[in-house]
2 protein chains.
Amino acid sequence: MKDVAVAAGVALKTVSRVVNDERGVSPETTERVLSAIQRLGYRRNESARVLRAGRTASIGLVIEDVADPFYSGISRAVEDVALGHGSLVLSGSSGEQPLRERELVLTFCSRRVDGLIIVPAGSDHDYLRPELDAGIPAVFADRPGGLDADTVTCDNAGGAHTGVTHLIRHGHRRVAFLGDSASIFTAAERLHGYRRALRDAGLPADETLISMGPPERAGAALARMLSGQAPPTAVFTGNGRITVAVLRTGHRLAMVGFDDFELADLLVPGVTVVAQDPVELGRTAAELLFRRVLGETGPAARVELPTRLIARGSGELRPPDLP
Amino acid sequence: MKDVAVAAGVALKTVSRVVNDERGVSPETTERVLSAIQRLGYRRNESARVLRAGRTASIGLVIEDVADPFYSGISRAVEDVALGHGSLVLSGSSGEQPLRERELVLTFCSRRVDGLIIVPAGSDHDYLRPELDAGIPAVFADRPGGLDADTVTCDNAGGAHTGVTHLIRHGHRRVAFLGDSASIFTAAERLHGYRRALRDAGLPADETLISMGPPERAGAALARMLSGQAPPTAVFTGNGRITVAVLRTGHRLAMVGFDDFELADLLVPGVTVVAQDPVELGRTAAELLFRRVLGETGPAARVELPTRLIARGSGELRPPDLP
DNA sequence: CTGAAAGCGCTAACAC
DNA sequence: GTGTTAGCGCTTTCAG
């Protein structure tokens, strides 16, 4: 910048003015500065600018894994909203490890991001308190965090309730539930929805038909149930990865899965799902965040997004004894 | 930092020393500083540090769309390598628009990223020249850029050749090629591979069996071919999205697709594909980049990753006249 | 309309 | 061991 000033025969501040489109510079001076900038290949150092301005025009996004289509949908939506606000996105995958989440968040904070969108891996967010107090707004997405901040979730319990009720309406009385580890908020919520659906239908809850754990183990869990005393005639799967794991076992049960996925309609039978909308989730979280970044105060918002049942065949299969 | 120094009764530099784990500070002073840091909730401002140090410990990644599994695989791999080098990733989706690619890259540069990984949307990268000269290394991934920089691609032509030859070996003499827009490097390369495979097999190239264009139009293009004079008995699809589009048409042709995808094995018949490895692509690009960031000079590297044919059924169907 | 000086938060270089 | 000084590249006063 100094070089440009010298080359154009003006003061530093004048170059700054031109670069920032500030008014009050004569057209000819502007011209001279612009040509010097061109000639020297000058580009403003954003880091220095940030140091003065305080705002970095960047936000931090912590998700579980970019390579998972659910989270990459969120990512893309966040990115688009951020770009609309002239902001960049620093993102990182926590891999469901609270420690890594924490490290990523703190790293982002030390780079003075203007705000954070976090899909919480852990439930303890005390480490965030000082940052929030320091004025860095945060929004929790997909799951609530352990802090009173803006939160966007899906109607997990309601969605599971709808899906399980759908199976029950098609004549099933023994519906298995295969969910992710119970420590994950969404998994626990969906299990609640399952239990409530059984209760609402006046069906007993058989604990041998419930299995919570990582997707890799879902196939084996189902096999155990099927070889048990009173096997299920239908299964509700608690997320997309479990749905796929169960499909790979090649069973022929009625089935409804939480999360839509590409090609669900091309399988035979088509897979009936309870769909969430990751893009909407990301968009909403980002908009909430930028509202805060722009200075909005007020109590923490809690947004719950609806789910949608998409019937494609697998959820409409009747139990063997009811043709 | 100044506050911490005052609170601990030491000079600024001493705080800096403690924060940076520099040697030469007595244990008790360290203790005093640490407790002051704790008390005041101090966290170093990375922007200021960057301004001094010159390195930002961040890299920029421009891909086409994070929401596409191929690119999100790349993303994740880049992120992991970057984290291993203590670096963060700024990422953005170009949406295949050269202008947006350019804007993202220049924005990243003005934030002084240490390096760039670019999946080129356009082919003209003159705008990058000054940045490269200014010492910001760049690596092109998936497609070569219009500049002499490190590049990682897949063996597009070879992969297509293998896939098409596979169909020919199963008795097909009329193999259609449905590729993405010819302006996209990978699409053009794969078309070359297709043509070469026909030539190598002594088969004539029938231009009515070739269609290049956006995935949305692939279904219609195939329908046109099938209702033509001499319809194809097999089809080679030029990328994952086209493969899916073609599957949705519900045809019953023999088929091999470029790009593997989840559930390809669960469809009936299973979909035979030529698989690339996005994770390996991202990893290689990132490693190449960090080698440059760490000071390696020397001529631009060109890495070509192999592809792999995975037979699952659809590519082994024989033509109707050869049972 | 333009410029000079101060300082954002930090670290490198050199005292003490 | 510790402190002082200068300056990274920019913007924000406040004077011309």
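Letters A, B, ... mirror the listed sequences (proteins, then strands); counts begin at 1.
- In this structure, Asn45(B) atom CG and dC8(D) atom C1' are separated by 13 Å, rounded to whole Å.
- Not one side-chain nitrogen or oxygen of Ser16(B) sits closer than 4.0 Å to the OP1 or OP2 atom of dC10(C).
- Atom CE in Met1(A) sits roughly 12 Å away from atom P in dG3(C) (whole-Å rounding).
- In the set dG9(D), dC10(C), dT11(D), dC10(C) carries the atom at the smallest distance from any side-chain atom of Leu12(B).
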Might you list the N or O atoms of the protein lying below 3.5 Å from N or O atoms in nucleotides 14-16 of chain C, with each pair's distance?
none

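- An end-to-end axis angle of 40° holds for the helix from dC1(C)-dG16(D) to dC16(C)-dG1(D), taken from five base pairs per end and rounded to 10°.
- In this model, the phosphate group of dG3(C) is approached by a side-chain N or O of Thr14(A) to a distance below 4.0 Å at OP1 or OP2.
- With contacts defined as side-chain heavy-atom distances shorter than 4.5 Å, the pair His125(A)/Val105(A) does not qualify.
- For Gln97(A) (side chain) and Ala121(A) (main-chain N/O), no donor-acceptor pair under 3.5 Å exists by modelled atom type.
- Considering only side-chain atoms of Lys13(A), the nucleotide from dC8(D), dT11(C), dG3(C) that sits closest is dG3(C).
- Using bins of under 30°, 30° to 60° and over 60° for the plane-to-plane angle, the ring pair His85(B)/Phe290(B) lands in the parallel bin.
- One interatomic measurement links the two molecules: CD of Glu46(B) to P of dC8(D), which rounds to 20 Å at whole-angstrom precision.
- At least one donor-acceptor pair closer than 3.5 Å links the side chain of Thr30(B) to the backbone N or O of Ser26(B).
- The existence of a salt bridge linking Arg143(B) and Glu304(B) is excluded, since no basic side-chain nitrogen approaches an acidic carboxylate oxygen closer than 4.0 Å.
- Residue Arg52(A) has no polar side-chain atom (N or O) positioned under 4.0 Å from OP1 or OP2 of dT12(D).
- Between Arg302(B) and Asp150(B) there is no salt bridge, since no side-chain nitrogen of the basic residue lies less than 4.0 Å from a carboxylate oxygen of the acidic one.
- Ionic pairing of Glu287(A) and Arg283(A) is present here: one or more N-O contacts between side-chain nitrogen and carboxylate oxygen are shorter than 4.0 angstrom.
- Thr153(A) is linked by a side-chain hydrogen bond (donor to acceptor under 3.5 Å, both in side chains) to nothing, counting only residues two or more places apart in sequence or in another chain.
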Checking Leu288(A) against Val152(A) for the side chain to side chain contact (heavy atoms under 4.5 Å, CB included) test, could you report, in this order, the C-alpha distance in whole Å, the side-chain angles of both residues, the deciding distance, and whether it holds? CA-CA 9 Å; Leu288(A) 239 34; Val152(A) 189; 3.6 Å; yes
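- Only Asn20(A), listed by number, bring a heavy atom of residues 19-40 of chain A to less than 4.0 angstrom from any atom of DNA chain D.
- Using modelled atom types and a 3.5 Å distance limit, the side chains of Tyr127(A) and Glu101(A) yield a donor-acceptor pair.
- Looking at Asp124(B) and Arg129(B), no side-chain N of the basic residue comes within less than 4.0 Å of a carboxylate O on the acidic one, giving no salt bridge.
- Residues from residues 103-116 of chain B with heavy atoms under 4.0 angstrom of DNA chain C: there are none.
- In terms of the side-chain hydrogen bond (donor to acceptor under 3.5 Å, both in side chains) criterion, residue partners of Asn20(A) (sequence neighbours excluded) are, by chain and number, Ser16(A), Arg44(A), Arg49(A).
- A distance-only check finds no donor-acceptor pair linking the side chain of Glu280(A) to the backbone of Leu305(A) [under 3.5 Å].
- Here dC10(D) is the nucleotide among dG3(D), dC10(D), dA4(C) with the atom lying nearest to any side-chain atom of Arg49(A).
- The residue Val50(B) sits apart from the nucleic acid: no heavy atom pair falls under 4.0 Å.
- In this structure, Asp114(A) contributes its side chain and Arg55(A) its backbone to no donor-acceptor pair below 3.5 Å.
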